[in-house]
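Take a look at the structure set out below.
All ligand and atom numbering here is 1-based and tracks the order in the structure. One is the number of the first residue; the rest follow in order along the sequence.
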Amino acid sequence: MDFKRHIAARLRAGELSEEEIYSLIALPPNTEMGDYAFPCFRLAKTMRMAPARIAEQIAADYPTDGIVTEAAAVGGYVNFRIDRVFWAKQTLTRVLTEREKYGSSDEGHGKTVCIDYSSVNIAKPFHIGHLSTTVLGSALYKLHKFLGYTPVGINHLGDYGTQFGKLISAFKRWGSRAVIEQGGLRALNALYVRFHEEAEKDPSLNDEARAFFKKIEDKDPESVALFEWFKELTLKDVGKIYDMLDVHFDSWAGESFYNDKMEPVVAELKEKGLLVESEGAQIVDLSAFDMPPCIILRSDGASLYATRDIAAAIYRKNTYDFYKCLYVVAYQQNLHFRQFFKVLELMGKEWAKDLVHVAYGMVSLEDGSMSTRKGRVVYLEDVIHKCIEKAADVIAEKNPELENRGEVARIVGVGAVIFGALYNNKIKDITFSYDKVLNFEGETSCYVQYTCARANSVLEKAGAYAAPDISAVCPQEFEVVKRLADFPAVLHDALEKYEPCFIARYAVDLAQGFNKFYFDCSILNAEEEGVRNFRLALTDAVRITLKNALGLLGIGVPEKM
Ligand code: ARG
C-alpha cells in the first residue's frame with residue numbers, strides 16, 4: 001500500500017493539490033521521529049503564518065484512522081506514524097502473494113525503450129572496460145521489463161572500420177585458419193597487435209590495410225568472407241561471456257548495418273541546409289552550441305561513427321517507435337552523444353529529446369591500466385574465471401561439506417563481478433578488487449547471497465508454518481518490514497535515474513536489516529506460536545525480495561552456501 005498516497009489524500013494544506021502534497025511528503029531521517037513527514041515551509045508565504053503554526057494546525061485537523069495512527073507537529077513538520085501491525089500485515093501479504101513478481105509493476109505498459117549496451121567491437125578483445133556497459137545495460141533491460149516496459153536490447157556492434165583491413169592484411173601475412181579457429185578472439189587480437197608492431201617498421205602495411213578495407217566495401221568475396229568469419233568468431237567468444245553473465249540482446253544490428261541507410265540521412269541534412277563544406281569534409285556546424293562540428297562525411301566521402309549513429313537513431317525510431325532510446329556508453333563519449341543528439345534536433349526530429357546517454361565511469365584493476373594496441377589487456381573472461389576460482393576457495397574454507405560447490409562458486413563468482421561493477425553510482429570511476437568483491441562481510445553480492453542462504457536454512461528447519469496473526473511488531477522486525485515495503489519505490493527510482501546501484505544498495509541494506517533481526521530475535525525458538533509464524537513469514541519475504549533484487553542485476557542465488 002502507498003502510505004504516502006493515503007496521507008496525501010486526507011491532508012488539507014492551504015491551496016496545495018493532492019499531487020503537490022504527495023510529492024512533498026518525505027521520509028524522516030530516523031524512525032523515532034515518525035514514518036513520514038510533511039514539511040510546511042512552502043506554505044508560510046501563502047498562508048501568512050509561521051511553518052510551526054501551520055504544522056500544528058494541519059496535525060490537529062488530520063483525521064487519523066486505523067492506518068495513520070498519529071499526526072504530530074514538530075518544528076515546521078507534521079510527522080505521521082503508521083500502524084505497525086497494519087504495515088507488517090499489508091507488506092507480508094503482498095510479498096508472499098506476489099512472490100517472484102514482488103516489486104514489478106505495469107507503469108511502463110505500452111512503452112518501448114531501446115537500450116544500446118555492451119556494443120562490442122569485432123575482433124577486439126572483450127576486456128574489463130566493457131564490464132560496466134554490459135552489466136549496467138543488462139540490469140536496465142531487466143528492470144524495464146519488470147516495470148512493464150517493452151525493452152529492446154541492442155548490441156550496436158563495432159563491425160565497420162579500417163581495422164578490418166588491418167586484420168585481413170595481418171591474417172594473410174602471418175595467420176593460419178587453424179590457429180585462429182583455436183584461439184578465437186585472443187588469436188585475432190594477437191594478429192592486430194602484430195600488425196601495429198610491423199607497421200611501425202614498415203608503414204606501407206597501412207596502405208595495404210586500406211586497400212583491403214576498400215575491398216570489403218566493394219564486396220570482394222574473399223575479403224567479405226574473411227570479415228564475416230572474424231565476426232562469427234568474435235560473436236562466439238563474447239556469446240560465452242554473455243551466457244555467463246545472463247545478458248541478452250534482441251538486435252545485433254551493428255555499425256555496418258547502416259551502410260545503406262546513411263545516404264538518405266546525408267540527403268536530408270543537405271536539404272535542410274545543415275551541411276557545410278569544411279576542408280573537403282561535410283560537417284554540421286555546432287559552434288552556436290559551443291561544440292566542435294559534427295563531421296558527417298570525410299573528404300574521401302567516407303562516413304563516420306556519428307553518421308552511423310544518426311542513421312541508427314532514425315532507424316530505431318522508425319522500427320520501434322521508442323518512448324526512450326538509451327545509450328549505455330562510457331563518459332569519454334559525452335561529446336559524441338551531445339553532438340549527434342543536437343544534429344537530430346536540428347533536423348527537426350522532435351523525439352531527439354528522448355535519446356539518453358547513460359554515461360558511466362571507468363573500471364580499472366588494482367594493478368594498473370591497459371592498452372588494446374600494445375596487447376596489454378585484461379580480458380573480462382579472465383576476471384570472471386579468477387573470481388569464480390577465488391569464490392571456490394572461500395567456499396571450500398567456509399563450508400567444506402557443501403554438495404554442489406562448483407556450481408555455487410560459479411554463481412557467487414559471477415555475482416561478485418557484476419555486483420562489483422554495479423554497487424557505485426555509475427558515473428564514478430572504480431577500481432576492481434577481487435578481495436573487496438568477495439568479502440562475505442562487506443557490501444557485496446556474496447553477503448546478500450549468504451543472507452538468502454541463511455534465510456533458506458531457517459525456513460527449511462521450520463518446515464511449513466501457519467499464516468501469521470500479527471499482534472505486535474518489535475523495532476527489529478519493523479526495520480525489516482519497512483525495507484521490504486520500500487522495494488517497489490526503490491525500483492521506480494532506479495529506473496527513473498538509470499541507477500541499478502540503488503537496487504544493489506537496497507539489497508545490502510535489506511540483508512543488513514534482516515541479519516540484525518536474525519541475531520537479536522529468535523525465530524525458530526520464539527516464545528509464542530504467533531510470533532514464530534510472523535518471524536518465519538518475514539524471513540520468507542526477505543529471501544524472496546533479495547532474490548528478486550539480485551535477479552534484476554543478473555545475479556543468481558544458491559539455495560545453500
Ligand atoms: N563500439 C563502441 C565502442 O566500443 C560503442 C558503441 C556504443 N553505441 C553507439 N550507438 N554509439 O566505443
query: Counting only N and O atoms by type, is there a donor-acceptor contact under 3.5 Å from the side chain of Asp106 to the main-chain atoms of Gly148?
result: no

Phe340 and Phe337 aromatic ring geometry - parallel, tilted or perpendicular at 30°/60° bounds: tilted

message: Quiz question: by atom type and distance under 3.5 Å, do the side chains of Asp493 and Tyr506 form a donor-acceptor pair?
response: no

query: Any donor and acceptor pair, going by atom type alone, linking the side chain of Thr234 with main-chain N or O of Ile122 inside 3.5 Å?
result: no

task: Please confirm whether Trp252 and Phe257 have ring centers closer than 6.0 angstrom.
output: no

message: I'd like the residue list for ligand 1, meaning every protein residue with a non-hydrogen atom under 4.0 Å from the ligand.
response: Asp116, Ser119, Asn121, His156, Tyr305, Asp309, Tyr327, Val329, Gln333, Phe337

Lys124 charged N/C atom sitting above Phe126 aromatic ring, 6.0 Å / 45°: no

